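Scroll down for the structure; my scribbles are underneath it.
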Amino acid sequence: MDITLVQGDITEQRVDAVVNAANSSLMGGGGVDGAIHRAGGPEILRECRRLRDTSHPDGLPAGDAVATTAGRMPATWVIHTVGPVYSASEDRSSTLASCYRRSLEVAEELNAAVVAFPAVSAGVYGWPMDSAADIAVRSTLAFSPASSNTLSEVRFVLFSRDAYEAFARALEPNS
Ligand code: AR6
């Protein structure tokens, strides 16, 4: 499984699944969540509503992940995950690591080969970028795919140059 870095807009990626940094309501929001719903169109929200009406009446807990269509985006699926809000007084790293692990598990269930992640929690949820990048890279490297695994590439798609550089630094010791 290759790990690659791209600076750009995740909604434009030709991948099997894009991961959304959603909130527990699954009803959309700002940041990458807003961009994904805008680019994918109303079909995504329709499926999110269906999930709330069936499997997730109380919403999606932080650290978990669930898939919907990607609507009009080039990708096939959106994997919605909910990052933890950053706290200086409480260590929530394991919840952030769980976002990556659970999203990759869902990607495997979908037989996805290429999955694109944004920097989960590193925007509205306030996680410092260097730490968010470190957790993203480490939890992806620690992921042990099932033997039937189809995953070939995990692509981190970073919106800003600063975010890209933070992820490049996090990857350095492993390159
Ligand atoms: N492509 C790639 N990355 C993006 C894009 C994009 N199109 N747009 C923003 N980013 P955030 P969070 C980057 O705030 O911190 C929402 O309202 C952004 O620059 O999207 O997990 C949800 O509904 C940042 O580096 O997600 C939740 O309420 C990273 O994506 C809440 O925000 C994540 O920033 C989740 O906050």
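Quick caveat: nothing in here was measured; it's all calculated off a predicted structure. First listed ligand is number 1; within each ligand, the first listed atom is number 1.
Classification of E105 and R102 as a salt-bridged pair holds, one side-chain N sitting under 4.0 Å from a carboxylate O. Salt bridge status for D134 with R138: present, with a side-chain N to carboxylate O gap under 4.0 Å.
Closest protein heavy atom to atom 15 (O) of ligand 1: G123 N, 2.8 Å. Taking atom 18 (C) of ligand 1 as the reference point, the nearest protein heavy-atom neighbour is F159 CB, 4.6 Å. For atom 27 (C) of ligand 1, the nearest protein heavy atom (residue, atom name, distance) is Y125 OH, 3.6 Å. Nearest non-hydrogen protein atom to atom 20 (O) of ligand 1 is V32 N, 2.8 Å.
At least one heavy atom of G8 lies less than 4.0 angstrom from ligand 1. For S121, the closest heavy-atom approach to ligand 1 falls below 4.0 Å. Using a 4.0 Å heavy-atom cutoff, A119 is listed among the residues neighbouring ligand 1.
A donor-acceptor pair shorter than 3.5 Å cannot be found between the side chains of S160 and D162. Defined by atom type and a distance below 3.5 Å, a donor-acceptor pair is missing between the side-chain atoms of T4 and D2.
H80 and H37 have tilted rings, their planes meeting at an angle from 30° to 60° on a 0 to 90° scale.
Considering backbone and side-chain N/O atoms, T11 never comes within less than 3.5 Å of an N/O atom of ligand 1. In terms of polar-atom proximity, defined here as any N/O pair under 3.5 Å, V124 does make such a contact with ligand 1. Between I10 and ligand 1, an N or O atom pair is found at a separation short of 3.5 Å. For ligand 1, the polar-atom distance check against G30 finds a nitrogen or oxygen pair separated by under 3.5 Å.
The ligand atoms of ligand 1 that sit less than 4.0 angstrom from a heavy atom of A21 are 21 (O), 22 (C), 26 (O), 35 (C). Residue D9 has at least one heavy-atom neighbour below 4.0 Å for each of these atoms of ligand 1: 1 (N), 6 (C), 7 (N). Of all atoms in ligand 1, listed by their number and element, those nearer than 4.0 Å to a heavy atom of M129 are 25 (O). For ligand 1, the atoms sitting less than 4.0 Å from at least one non-hydrogen atom of D33 are 22 (C), 23 (O), numbered in the order shown with element in parentheses. Under a 4.0 Å criterion applied to the non-hydrogen atoms of A122, ligand 1 contributes the atoms 15 (O). Atoms of ligand 1 lying under 4.0 Å from any heavy atom of A35, numbered from 1 in the order shown and given with element: 7 (N). Taking a cut-off of under 4.0 Å to the non-hydrogen atoms of G29, the atoms of ligand 1 that pass are 17 (O), 23 (O).
The aromatic ring centres of F143 and Y100 sit 6.0 Å or more apart.
Put simply, atom 6 (C) of ligand 1 has protein non-hydrogen atoms near it, under 4.0 Å away.
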